[in-house]
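Residue indices begin at 1 and follow the sequence shown. The figures that follow rest on heavy atoms only: side chains count, while hydrogens, waters and symmetry mates do not.
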Amino acid sequence: QVQLVESGGGLAQPGGSLRLSCTTSGFAVEMFPIAWFRQAPGQSREGVSCIGKDGGATVYGDSVKGRFTTSRDNAKKTIYLQMNSLRPEDTAVYYCAVEYYGGDGCMRLRHYNMDYWGKGTPVTVSS
């Protein structure tokens with residue numbers, strides 16, 4: 001059973017940092033790119049990042065470039081999202097997802113191509 005579980009969300013001050021984790025089970029995560037998306041209240045789901053299966057390739061949404069970094073530890077079956085220089089507009093529920101049945105949706109940050117999702121972890125950036 002494919003499972004993804006996000007953790008690490010919480011409250012941060014503007015300019016602060018948080019690190020999110022996506023712990024996976026039930027599939028060979030080392031064979032798949034993994035994406036992060038986020039959704040703020042009343043807004044559509046937005047692509048944050050995607051990391052290739054060996055960590056060699058990454059893509060980022062325009063709104064987070066230069067501030068967020070994704071990485072992975074395949075031995076721990078975990079993908080990370082380091083978020084620095086946080087802004088109030090980063091407030092959202094953050095999800096990790098996998099395009100299990102193939103395609104290029106991860107690298108194009110297309111949420112509608114993702115097949116399995118975690119339940120999300122909320123991030124609030126406020127003073």
Side-chain angles (χ1 to χ4, degrees):
Q1 182 180 0
V2 175
Q3 290 191 325
L4 303 97
V5 180
E6 303 91 342
S7 61
L11 176 64
Q13 293 191 337
S17 298
L18 284 174
R19 189 175 83 154
L20 306 184
S21 298
C22 172
T23 303
T24 68
S25 61
F27 69 109
V29 67
E30 65 273 15
M31 300 300 293
F32 296 90
I34 300 293
W36 286 95
F37 294 86
R38 67 185 183 184
Q39 189 164 18
Q43 297 188 22
S44 58
R45 199 157 290 193
E46 177 189 8
V48 175
S49 67
C50 177
I51 185 167
K53 57 186 180 181
D54 61 1
T58 55
V59 295
Y60 296 93
D62 288 342
S63 60
V64 307
K65 281 180 183 175
R67 300 187 298 122
F68 290 12
T69 303
T70 186
S71 61
R72 64 193 296 160
D73 185 336
N74 285 338
K76 294 183 178 180
K77 299 186 178 295
T78 302
I79 295 83
Y80 303 99
L81 184 67
Q82 178 67 42
M83 306 187 297
N84 297 330
S85 302
L86 283 163
R87 305 168 180 169
E89 53 264 40
D90 295 318
T91 296
V93 178
Y94 284 72
Y95 302 89
C96 58
V98 61
E99 191 175 15
Y100 189 77
Y101 297 108
D104 61 356
C106 184
M107 287 297 174
R108 297 177 182 269
L109 298 180
R110 293 175 174 168
H111 63 89
Y112 45 84
N113 285 130
M114 299 296 110
D115 300 304
Y116 292 96
W117 294 81
K119 294 183 179 181
T121 185
V123 170
T124 302
V125 183
S126 174
S127 56

A.B. asks: Are Tyr100 and Trp117 in one and the same hydrophobic cluster, where Ile, Leu, Val, Met, Phe, Trp and Tyr link if side-chain heavy atoms are under 4.5 Å apart?
C.D. replies: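 Different clusters: Tyr100 never reaches Trp117 through Ile, Leu, Val, Met, Phe, Trp or Tyr contacts under 4.5 Å.
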A.B. asks: Hey, what else clusters with Val59 if you join Ile, Leu, Val, Met, Phe, Trp, Tyr whenever side-chain heavy atoms sit under 4.5 Å?
C.D. replies: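 Val59 clusters with Met107, Leu109.
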A.B. asks: Supply the members, apart from Tyr80, of the Ile/Leu/Val/Met/Phe/Trp/Tyr cluster built from side-chain contacts under 4.5 Å; use none for a lone residue.
C.D. replies: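 Tyr80 shares its hydrophobic cluster with no other residue.
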A.B. asks: Can you give me every donor-acceptor pair (side chain of residues 119-127, partner residue at least two apart or in another chain, under 3.5 Å) with its distance?
C.D. replies:
from: Thr121; atom 1: OG1; to: Gly9; atom 2: N; distance (Å): 3.1

A.B. asks: Return the CD to CZ distance between Glu89 and Arg87, rounded to the nearest 0.5 Å.
C.D. replies: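 Between atom CD of Glu89 and atom CZ of Arg87 there are 5.5 Å.
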A.B. asks: Sequence neighbours excluded and cut-off under 3.5 Å, please list the side-chain donor-acceptor pairs for residues 22-42, or say none.
C.D. replies:
from: Thr24; atom 1: OG1; to: Lys77; atom 2: O; distance (Å): 2.9
from: Arg38; atom 1: NE; to: Glu46; atom 2: OE1; distance (Å): 2.9
from: Arg38; atom 1: NH1; to: Asp90; atom 2: OD1; distance (Å): 2.8
from: Arg38; atom 1: NH1; to: Tyr94; atom 2: OH; distance (Å): 2.9
from: Arg38; atom 1: NH2; to: Glu46; atom 2: OE1; distance (Å): 3.3
from: Arg38; atom 1: NH2; to: Ser63; atom 2: OG; distance (Å): 3.1
from: Gln39; atom 1: OE1; to: Arg45; atom 2: NE; distance (Å): 3.2
from: Gln39; atom 1: OE1; to: Arg45; atom 2: NH2; distance (Å): 3.0
from: Gln39; atom 1: NE2; to: Gln43; atom 2: O; distance (Å): 3.0

A.B. asks: What are the two closest heavy atoms between Leu86 and Ala12, and how far apart are they?
C.D. replies: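 Taking Leu86 first and Ala12 second, the nearest heavy atoms are CD1-CB, 3.8 Å.
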A.B. asks: Nearest 0.5 Å, please: how far is CD in Glu99 from CG in Asp115?
C.D. replies: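 Asp115 CG to Glu99 CD: 6.5 Å, rounded to 0.5 Å.
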A.B. asks: Do any N or O atoms from the side chain of Tyr95 and from the backbone of Glu6 form a donor-acceptor pair under 3.5 angstrom?
C.D. replies: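 No.
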A.B. asks: Working to the nearest 0.5 angstrom, can you tell me the gap between Asp104 CG and Asn113 CG?
C.D. replies: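 The CG atom of Asp104 sits 7.0 Å away from the CG atom of Asn113.
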A.B. asks: Determine, using the 4.5 Å side-chain heavy-atom cutoff (strictly less than), whether Ile51 and Phe68 are members of one ILVMFWY cluster.
C.D. replies: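 Yes, because Ile51 and Phe68 connect within a single hydrophobic cluster, where side-chain heavy atoms sit under 4.5 Å apart.
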A.B. asks: Under the side chain to side chain contact (heavy atoms under 4.5 Å, CB included) rule, collect the residues that match up with Ser7, sequence neighbours excluded.
C.D. replies: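 With sequence neighbours excluded, Ser7 shows a side chain to side chain contact (heavy atoms under 4.5 Å, CB included) to Ser21, given in chain and number order.
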A.B. asks: Are Met114 and Leu20 connected into the same hydrophobic cluster when the rule is that any two of I, L, V, M, F, W, Y join if their side-chain heavy atoms are below 4.5 Å apart?
C.D. replies: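 No: no chain of side-chain contacts under 4.5 Å links Leu20 to Met114.
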A.B. asks: Check whether any side-chain heavy atom of Ile79 lies under 4.5 Å from a side-chain heavy atom of Cys96, and answer yes or no.
C.D. replies: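 Not in contact.
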A.B. asks: Could you list all the disulfide (SG to SG under 2.5 Å) pairs where at least one residue sits in residues 29-79, not counting sequence neighbours?
C.D. replies: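 Sorted pair list: Cys50-Cys106.
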A.B. asks: Donor-acceptor pair, Asn74 side chain versus Lys53 backbone, under 3.5 Å?
C.D. replies: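 Yes: the side chain of Asn74 pairs with the backbone of Lys53.
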A.B. asks: I need the minimum non-hydrogen distance between Lys76 and Thr78, along with the two atoms involved.
C.D. replies: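 For Lys76 versus Thr78, the nearest heavy atoms are O-OG1, 2.8 Å.
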